[in-house]
Amino acid sequence: MVLLSVCALRSAEWLAALCVLTSAVTAALAITGARAVRELVLTAVAIPIAACRALPWAARGTRRVRGRRTMRMALSVLVALVLVLVFGALFAGADENFARIADAVVPELDFETLFRSTFLFFPFALMGLGAAFTALRPPRLDPPEGERQTLRGPEWAVPIGVLVALFALFIVVQAASLFGGPQHVRDSAGLTFSAYARSGFWQLTLVTILTLPVIAAAARWAPKRTRAERNLLRGLAGALAVLTLVIVGSALARMSAYQDAYGYTVLRLLVMTCEIWLGVVYAMIIAAGVRLRASWLPTAVLATTVGALLALAAVNPEGVVAGANVTRFEQTGKIDPDYLVTLTADALPEIHRLPDEIEQPIVLDITDRTGEEDWRSWNLTDHLTRP
């Protein structure tokens, strides 16, 4: 519910979409009670499957409530609807203020609106039935019984050890470019901020993502029967996680240098947030590796995801980006009005800091794009910034 409330607070549609999708995941976890990785995967298909099973279940439920009293209540609701429509139309014709309220509340009934509403209603109704059915009859998510198969020590330690050595070699060789920052760029002939930030940034980001399943596979297949086997797993997996944290820091340094030189965008802020989140995940992996107990880790990872989204909504990312660009303009005189125009009303309080000749065209474009206020698309930012 907190994630969904972001839609009523912020104007940025991309942030609202991320919060809605994440809220669906958290709702599914709340219904099924999934905790382990295997259970999380099964949760992704549990509710859609339950939606099909819920149809006969819902049909049996409707037969139980049929009767004379139910039909009379349905007729009463129908009569009330007809009365509201008739007298509401008369009141709207008699008073202009009431007519504006009616126009804001009643949707425009055309073919496109009717088709879109019908198209959206049935899938969401099915998913709602599936969620109710799953809550009443939760699926069994117990892991299969029996001892889990593992590999011998060298069979898993050799590839992980080689990877650790490769990570360490890369960090040593690239130490100057990884952490040199602006000074390294200035001291390197032919190297620009753009080349420094772009060269390897996405590759380093991909490295941090791909290392997660590698560590998970090591934790799954490595034997843990003796103290020596457990210490070997702690050492290799922990070293890999620590070296990956160093690479996360490198990626953040590259993006920070790029933004300082070329300005700030929502995409760059979002990428940096993802990198910080990955760093938190690796820190939790290191913590779980101390006692080799990670039953809490999948849920904690999802909790940090929710926390990152709520933190983004709290700081107002488009406002932060606009404010950083305005501050950069005050220091250097450089700004990109064409990009600021693409932002939403979330950025307007910071854009008002610009000189009038730059600010007014940007504000006009953003407010014109906002459109008329409607209760279905209402949010607090649009309401407060609307002229």
Side-chain angles (χ1 to χ4, degrees), residues 22 25-46 138-168 204-249 251 273-311:
T22 308
V25 175
T26 56
L29 296 181
I31 291 172
T32 60
R35 293 295 179 269
V37 175
R38 175 180 174 274
E39 296 172 356
L40 297 178
V41 174
L42 292 176
T43 296
V45 297
R140 296 189 59 183
L141 302 174
D142 301 330
E145 298 180 356
E147 186 178 356
R148 301 173 69 176
Q149 294 182 350
T150 58
L151 299 174
R152 296 180 180 179
E155 294 175 347
W156 74 269
V158 169
I160 300 299
V162 170
L163 193 60
V164 169
L166 181 64
F167 274 46
L204 294 181
T205 302
L206 188 59
V207 164
T208 60
I209 296 174
L210 292 179
T211 308
L212 286 174
V214 172
I215 295 178
R220 164 62 180 84
W221 295 104
K224 312 176 191 64
R225 291 181 291 270
T226 66
R227 176 177 294 182
E229 291 174 339
R230 292 192 292 270
N231 288 337
L232 181 62
L233 176 59
R234 289 191 183 100
L236 289 179
L240 188 58
V242 170
L243 292 173
T244 307
L245 273 177
V246 177
I247 293 177
V248 168
T273 303
C274 291
E275 281 290 341
I276 294 173
W277 171 78
L278 285 171
V280 173
V281 170
Y282 279 104
M284 291 191 298
I285 290 174
I286 295 172
V290 174
R291 299 185 61 186
L292 293 182
R293 296 184 181 276
S295 58
W296 56 271
L297 189 57
T299 305
V301 170
L302 290 172
T304 56
T305 304
V306 174
L309 277 176
L310 293 179

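For the atom pair CG of L278 and CG of L212, the computed distance is 6.5 Å after rounding to the nearest 0.5 Å. Remark: T244 OG1 to L210 CG distance equals 10.5 Å, nearest 0.5 Å. Between the CD1 atom of I209 and the CG atom of L204 there is a distance of 11.5 Å, given to the nearest 0.5 Å. Interatomic distance, CD1 of I247 versus CG of L206, reported as 11.5 Å (0.5 Å rounding). With values rounded to the nearest 0.5 angstrom, R234 atom CZ is found 9.5 Å from R291 atom CZ. T208 OG1 to L243 CG: the interatomic distance, rounded to the nearest 0.5 Å, is 13.5 Å.
At a threshold of 4.5 Å between non-hydrogen side-chain atoms, the residues V162 and L166 do not count as touching. Taking the side chain as every heavy atom from C-beta outward, E229 and K224 never approach each other to under 4.5 Å.
Pairing each heavy atom of L233 with each of A218, the nearest pair is CD1-O, 3.9 Å. Here the closest heavy-atom approach between residue R225 and residue R230 is recorded as O-NH1, 3.2 Å. Residues T304 and V301 share a closest heavy-atom pair of OG1-O, 2.6 Å. Here the closest heavy-atom approach between residue V164 and residue A239 is recorded as CG1-CB, 4.1 Å. Taking every heavy atom of both residues into account, P154 and P159 meet most closely at O-CD, 4.2 Å.
Shown here are the side chain to side chain contact (heavy atoms under 4.5 Å, CB included) partners of L236, two or more places apart in sequence or in another chain: W156, A157, I160, L232.
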request  = Mind running side chain to side chain contact (heavy atoms under 4.5 Å, CB included) on I285 and L297 for me, showing each step along the way?
outcome  = CA-CA 8 Å; I285 290 174; L297 189 57; 4.0 Å; yes
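Judged by distance alone, the side chain of T299 and the main-chain N or O of W296 form no donor-acceptor pair under 3.5 Å. Side chain of R293 to main chain of A288: no donor-acceptor pair is present (N/O by atom type, distance under 3.5 Å, no hydrogens or angles).
Test V242, L240, I215 against I286 for side chain to side chain contact (heavy atoms under 4.5 Å, CB included) and you get one pass: V242.
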